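The next block holds one structure in the form of structure tokens; read it before the comments.
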Amino acid sequence: MRRAASPPPQLPGYRYVSLLGAGGFSDVFLYEQELPRRRVAVKVLLAEEMTAASRAAFVAEANLMAQLSNHPYIVTIYHAAVAGDGRPYFAMEYCSGPSLADRYKQAPLSVVEALRTGVRLSSAIVVAHQAGILHRDIKPANVLSNDYGWPALTDFGISSTVDDELTASTTTLAEALDGATDGGTGNVGLSVPWSPPEMFEDYPRPDVRSDVFSLAATLWTVLAGQTPFEVRGRPNGTLDLIGRIERGAITPMARDDVPRSLLTVLQKGMSTDPDRRFATAADFARALQRVELELGYARTELEVPNLAIAAPAPDHSDVTGDETRVRSVATIDAQAGPAAAVPPAEPDASSGADETHVRTVPRVAAQSADATPLDETVVRRVTPVTDASTAASETADTADEVPSRQRTALMVALGVAGVLVIGGVVAGIALGGGLTPEGSTSASPAPGGTGQAAVVPEAVDAPRLVGEPSFDTAGMTFLVENTDPVEGDQLVWRISNRSSGEPLRTLDGDTVVVEGVGPADGVCVEVSVRRAGQLSAPLEVCAA
Ligand SMILES: Nc1ncnc2c1ncn2[C@@H]1O[C@H](COP(=O)(O)OP(=O)(O)OP(=O)(O)O)[C@@H](O)[C@H]1O
């Protein structure tokens, strides 16, 4: 149940106009800024939520949004301060149009608009992921629209959640259910309809694919006019929804103008198994673009500044045989930037096909997608990886560590205004780059807007290769050694040059086996030591 709004604070330089909405921890008001004169939305933390943790989370939300604010499809933050009554607030772009939730409840979106919106939102998500930020609460209500009708992603309140805040707002599932028995309109379960199944684990490990799921579920919702796991005429309480989400029981779309290819893309985006989803939001966007081309619509550009994303090989995996084959999408142009972005490492044509290249990647600063020379030494972007994020990437091989879904033990954290949050710290992410050298500085700040103090850890030595890689029917095999082991260390690896979004796997032992890889496949593997959430510089082993 929505509470009464708090009184709007007196803000020097701003004149209060009206209430825009009341959230769980904050109110949002419309003000008129005097200079420059414009309308702004001001989000104010509630007086009763002024714990250190809530304040930190609030500041973190402002910082995360500010970090992404230049993006055309992310709400712009203008200013943050503390009001005279002691409440922190931030002023942001006023989005005068309806949210996607308002829209779809009025009438489902047309296919062309859903596609365009999907690509635009994907670009916002790509940029967030590139900066190491998972949104974690993508849903129609968090997609506002501005004066031009463009979508504007907002509400990074969950993204910035820190441990303390979760502690402060954690309750049991039973308590949560009290407020969420009506299929997504309850006080607590508002985000359940768009949440991926991994969020219902005892120890959720969301990663970029979790945001892909929520994005696909959001598009499904605006097309269907209802959430994807809701069944009209049947109970749609939180447990009903969670059960269907875990089973992947998407309710068939009750309209016949949505092409099968689009349904297939959205279904793939909502796969129960994260490995079966699109690996990145960019991949998801490309699939939507292919549908646009298939239908003869103009392709919506993916607005990802200064980042060239190589065109995928034509991907027909998400279309079925009885439909029009889609054309592959050309390379998404980089915005004007200082230099070309760094393509994935190519096998060196000058070297023998059977040669195996082994090199330790030097410690480098994280690089934005610009100005990186294509030389032999450093050829990949590096993005921040936190312990939570790296764990998040380990979908396959951490099953032993993660108890199976035990709903009775499931603890549910209540986020702002009924958002269901399950999980711990802000999840940073690894996206399309190499493993992050521990201690490297980052062009894109790590998800440091969490309100947590930055810690500069001790350097962790890269592992070393023992002997030479060998190849047999199993694939490529090689041995690595943690040269300076500390209790709790783990070796982690992933293929580094195949596509963005390759999962990071924990090595059980010291032998890396890359299945199905032959000596001439040009596959590179990076191996790092993970210690207390930090990764060493990677050892890179390439079959080229
Ligand atoms: N920039 C904005 N322009 C216009 N309206 C806004 C803006 N930001 C938020 N609102 C409105 O204010 C209300 C609350 O905003 P928001 O969702 O960010 O708060 P919250 O406390 O995080 O809520 P929730 O618990 O739903 O996440 C919503 O109805 C939203 O539509």
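Only a predicted model underlies this, so the values are computations on that prediction, with no experimental measurement involved. In each ligand, atom 1 is the first atom listed, and ligand 1 is the first ligand listed.
- Checked against a 3.5 angstrom limit, the closest N/O atoms of Thr154 and ligand 1 fall outside it.
- Of the listed residues (Leu46, Leu144, Asp27, Leu45), the one carrying the non-hydrogen atom nearest atom 30 (C) of ligand 1 is Leu144.
- If you number the atoms of ligand 1 from 1 as listed, the ones under 4.0 Å from a heavy atom of Leu20 come out as 4 (C), 5 (N).
- Between Phe229 and Phe213, the ring planes lie parallel to each other; the angle is under 30°, not in the 30° to 60° tilted range.
- Contact atoms of ligand 1 toward Lys43: 16 (P), 18 (O), 19 (O), 20 (P), 22 (O) (distance under 4.0 Å to a heavy atom of the residue).
- In terms of N/O distances under 3.5 Å, ligand 1 is approached by Cys95.
- Looking at ligand 1, you won't find any N or O of Asn142 less than 3.5 Å from one of its N or O atoms.
- Less than 6.0 angstrom separates the ring centroid of Phe58 from the ring centroid of Phe90.
- Salt bridge Asp275/Arg209: present, at least one basic N to carboxylate O contact under 4.0 Å.
- Taking a 4.0 Å cut-off on heavy atoms, Gly24 registers as neighbouring ligand 1.
- Looking at Lys139 next to ligand 1, no N or O pair under 3.5 Å apart turns up.
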| request: Before giving the answer on side-chain contact (heavy atoms from CB on, under 4.5 Å), spell out for Leu144 and Ser99 the whole-Å C-alpha distance, their side-chain angles and the decisive distance to 0.1 Å. | output: CA-CA 4 Å; Leu144 309 178; Ser99 71; 3.9 Å; yes

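- Under the 4.5 Å side-chain criterion, counting only non-hydrogen atoms from C-beta, Val222 is not in contact with Val143.
- Here is the list of ligand 1 atoms found below 4.0 Å of a heavy atom in Tyr94: 3 (N), 4 (C).
- Summarising the geometry of Val17 relative to Tyr31, their closest heavy-atom pair is CG2-C, 3.9 Å, with the distance given to 0.1 Å.
- The side-chain heavy atoms of His71 and Ser123, taken from C-beta on, include a pair separated by under 4.5 Å.
- Counting heavy atoms closer than 4.0 Å to ligand 1, residue Ala41 contributes side-chain atoms (C-beta onward) but none from N, CA, C or O.
- Remark: ligand 1 atoms within the under-4.0 Å shell around heavy atoms of Gly23 are 20 (P), 21 (O), 23 (O).
- Considering every non-hydrogen atom in both Leu68 and Ala131, the closest pair reads CD2-CB, 3.9 Å.
- Residue Asp137 has no N or O atom closer than 3.5 Å to an N or O atom of ligand 1.
- At a heavy-atom distance under 4.0 Å, no atom of Leu30 approaches ligand 1.
- Residue-level proximity to ligand 1 for Glu93 is carried by the backbone, the only part with a heavy atom below 4.0 angstrom.
- The shortest side-chain heavy-atom distance between Met199 and Pro206 falls under the 4.5 Å cut-off.
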